[in-house]
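What follows is a set of notes on a single structure, which appears directly below.
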Number of protein chains: 2
Amino acid sequence: MSACKRIFADLGQINNCREIIKKNQQSFSELSQVVALAGNEVRLKILFILDQEHELCPCDLSDILEMTIPAISQHLHKLKNGSVIQSRKSGQTIFYSVCPSHLHLLKPLFSIIKNQSATIRV
Amino acid sequence: MSACKRIFADLGQINNCREIIKKNQQSFSELSQVVALAGNEVRLKILFILDQEHELCPCDLSDILEMTIPAISQHLHKLKNGSVIQSRKSGQTIFYSVCPSHLHLLKPLFSIIKNQSATIRV
DNA sequence: TCATTATTTAAGCAATTGCTTAAATACGTA
DNA sequence: TACGTATTTAAGCAATTGCTTAAATAATGA
């Protein structure tokens, strides 16, 4: 059960932490999935500009990020699968946008980018 | 240069986005690295309890998360390598804690866990 | 000095990731 | 209907990830 044989381990603290982890297991699992999606540089850029421009099609994103359409499409698929973005069809083009439900998680990340952008110019 | 041959593409919008992405390239790269570290479920848990308990040793974390010491140690190594956590040596035990410089990024994530935890009981 | 404890490091390996190219769908229009 | 455009899907593959076990370091105390 115990990894080390130290005497000074605070058993109460350890058991308390273990319970907190267990109680929030599902939250950790769900949150880490979304954070992992945002942890890819290309996907972070996609989310950032989708938020800024409100909605864009795979074609636009391909032009902006200078990547192939399938590469973009596969990233969009992952993001949609994780309910981070949503899509709207108009003719044969599909417009993607950030799901409002995850914005509270993403906005702080976007702020960091924007703040650093403001600092560079000083 | 252009991925599709659509007529209705907003060239100005695309070029503007492209410039913003380029200007913030380094920010995107650095931020995505940290977010990717937090996007692993085990590491997210480590960061959460390190923040809550202020500091813990690999041995404690191994007990709490019920994982082997080397597995924990390797996660800690990545986190330290990314400057997300720092360490303090006391005898033969090493205490890890979250770097204050990255807390503004992590706190919103922790809040999500805590809020969900509060909601469960209602 | 030697044995014990806490931790890291290394090697191996199965699973996942993110691209590539090529083929398949879906929609609009002549 | 057939063709062109926008997008997705599939297969292949090199690179990365995250664990495992075993060995190497480092610090403490007998």
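Chain naming here is simple, since letters A, B, ... match the order of the sequence lines and numbering starts at 1 in each.
As a whole-Å value, the separation of A:F95 CZ from D:dT8 P is 12 Å.
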What verdict does the side chain to side chain contact (heavy atoms under 4.5 Å, CB included) test give for A:S97 and A:R88, after you've listed the backbone C-alpha separation in whole Å, the side-chain angles of each residue and the deciding distance to 0.1 Å?
CA-CA 8 Å; A:S97 55; A:R88 169 178 83 84; over 6 Å; no
Audit row: A:E66, B:K22, side chain to side chain contact (heavy atoms under 4.5 Å, CB included) steps and yes/no:
CA-CA 11 Å; A:E66 303 178 48; B:K22 286 216 174 105; 3.1 Å; yes
Step by step, work out the side chain to side chain contact (heavy atoms under 4.5 Å, CB included) result for B:K78 and B:N40.
CA-CA 11 Å; B:K78 286 186 182 186; B:N40 174 281; over 6 Å; no
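Between the side chain of A:N24 and the backbone N or O of A:S27, no donor-acceptor pair lies under 3.5 Å. Here the side chain of A:S32 pairs a donor or acceptor atom with the backbone of A:F28 at under 3.5 angstrom. Judged by distance alone, with hydrogens and angles left aside, the side-chain atoms of B:N16 form no donor-acceptor pair with the main-chain N or O of B:G12 at under 3.5 Å. No side-chain donor-acceptor contact under 3.5 Å links A:S87 to the backbone of A:F95.
Here A:E41 pairs with A:K45, B:Q25 under the side chain to side chain donor-acceptor pair (under 3.5 Å) rule; sequence neighbours left out. Not counting sequence neighbours, the partners of B:K107 by the side chain to side chain donor-acceptor pair (under 3.5 Å) test are B:D51.
Across every non-hydrogen atom of B:C17 and A:Q52, the tightest pair is SG-NE2, 4.4 Å. In this structure, B:V98 and B:L47 approach most closely via the heavy-atom pair CG2-O, 3.8 Å.
Checking the phosphate oxygens (OP1, OP2) of C:dA6, no side-chain nitrogen or oxygen of B:Y96 falls inside 4.0 Å.
Near-neighbour residues of DNA chain C inside residues 44-56 of chain B, defined by a heavy atom below 4.0 Å, are absent. Residues from residues 82-91 of chain A placing a heavy atom under 4.0 Å of any atom in DNA chain C, listed by number, are A:K89, A:G91.
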Listed pairs, N/O of protein and of nucleotides 2-6 of chain D, under 3.5 Å:
residue	atom	partner	partner atom	Å
D:dT5	O2	A:Q92	OE1	2.5
D:dA6	OP1	B:R6	N	2.8
D:dA6	OP2	B:K5	N	2.6

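The CD1 atom of A:I72 sits 6.0 Å away from atom OG of A:S62, with the distance rounded to the nearest 0.5 Å.
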Sugar-phosphate or base contact per nucleotide [nucleotides 12-22 of chain D; S, B, -; heavy atom under 4.0 Å]:
-----SSBBBB
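Checking each of B:I85, B:L65, B:V84, B:L37 against B:I46 for a side chain to side chain contact (heavy atoms under 4.5 Å, CB included) leaves exactly one that passes, namely B:L65.
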